[in-house]
Amino acid sequence: MAEAKLAPNLPGWMLEHANRYLASGGTDGHMYKATVPGRGEITAPSLLLTTTGRKSGDKFIFPLFYGTDGGSYFVVASKGGAPEHPGWYRNILANPDVEVQVGTKKMNTRARTIAGEERLRLWKKALEFWPPYADYQLKTEREIPVVVLDPVH
């Protein structure tokens, strides 16, 4: 199986963050500090999501902010409020079996997009760890997907 690599076209800050996370084995980079215009400094937990490319079949790593819900993790497919879904989200729609690294812990998970009450509840939790999601939603007409990552045992 091909070695996972960082997703192409990641913004510079994400590349730097993911490289630090990978180089340290997860001891550095789990908590990401950012200064956000109009919101000040935010520290958010981040994980590394490894998806299988829907066209290439290659494994790609994406650094994402996350929350927890029970024994599962959840992430938000915001792409900063862009009109289209991020590549990682299109990948999981094609293949929901993904790998996650949270700090130094790695696991296999299955991704599922949530809706209705569950989405609303987790969207509110997401705004607690990354308030700019509210700004991103205002910039796009699509409903930003919330994805739960359930550990596969």
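Here the structure is a predicted model, which is why all the values come from computation and not from measurement.
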Let me confirm one number: the OG1-CG distance from T68 to L47, rounded to the nearest 0.5 Å.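 Reported value, rounded in 0.5 Å steps: 11.0 Å.
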Which distance, rounded to the nearest 0.5 Å, do you find between the CD of E99 and the CG of L49? 9.5 Å
Does the plane of the ring in Y32 sit parallel, tilted or perpendicular to the ring in H17? Use 30° and 60° as the thresholds. perpendicular
Students often mix this up, so state it plainly: with edges at 30° and 60°, are the rings of F129 and F74 parallel, tilted or perpendicular?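 F129 and F74: tilted rings.
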Take a 6.0 Å sphere around NZ of K125 and say whether it holds more than 12 heavy atoms from other residues, nucleotides or ligands. yes
Is the number of heavy atoms from other residues, nucleotides or ligands within 6.0 Å of CD (E118) greater than 12? yes
Pair D28 + R20: basic N to acidic O under 4.0 Å: yes
Between R90 and E84, does at least one N-O distance fall below 4.0 Å, as a salt bridge requires? no
How far apart are the C-alpha atoms of L22 and L48, what are their side-chain angles, what is the distance that settles it, and do they pass the side chain to side chain contact (heavy atoms under 4.5 Å, CB included) test? CA-CA 9 Å; L22 290 166; L48 297 178; 3.6 Å; yes
Over all atoms of both residues, closest heavy-atom pair of [X] and [Y]:
X    : Y    : answer
T140 : A82  : OG1-O, 3.3 Å
P145 : H85  : CG-CE1, 3.4 Å
P86  : K79  : CA-CD, 3.7 Å
S72  : V148 : CB-CG1, 3.8 Å
A18  : L6   : CB-CD2, 3.4 Å
A134 : L127 : N-CD2, 3.4 Å

Membership question, hydrophobic clusters at under 4.5 Å side-chain separation (ILVMFWY): are V75 and V152 in the same one?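 Per the 4.5 Å side-chain linkage, V152 and V75 are not co-clustered.
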Cluster overlap Y66 with L120, hydrophobic side-chain contacts below 4.5 Å: no
Side chain [X], main chain [Y], donor-acceptor under 3.5 Å:
X    : Y   : value
S46  : G29 : yes
N91  : R54 : yes
S24  : T27 : yes
K139 : G80 : yes

Side-chain touch [X]/[Y], heavy atoms, less than 4.5 angstrom:
X    : Y    : answer
T113 : Y89  : yes
L10  : F62  : yes
L122 : I114 : yes
L149 : V98  : yes
R39  : P132 : yes
Y21  : I61  : no
M31  : P45  : yes
I144 : V76  : yes

Would K33 and E41 count as a side chain to side chain contact (heavy atoms under 4.5 Å, CB included) if you check the C-alpha gap in whole Å, the side-chain angles of each, and the deciding distance to 0.1 Å? CA-CA 7 Å; K33 232 186 217 116; E41 190 171 273; 3.5 Å; yes
Intermediate values then yes/no, side chain to side chain contact (heavy atoms under 4.5 Å, CB included), T50 and W88: CA-CA 8 Å; T50 302; W88 67 261; over 6 Å; no
R110 and D150: salt bridge (Lys or Arg N to Asp or Glu O under 4.0 Å), yes or no, with the steps? CA-CA 5 Å; R110 177 157 290 138; D150 295 311; over 6 Å; no
Paired with F65, the ring-ring contact (aromatic ring centres under 6.0 Å, His included) test is passed by just one of Y73, Y136, Y133, W130, namely W130
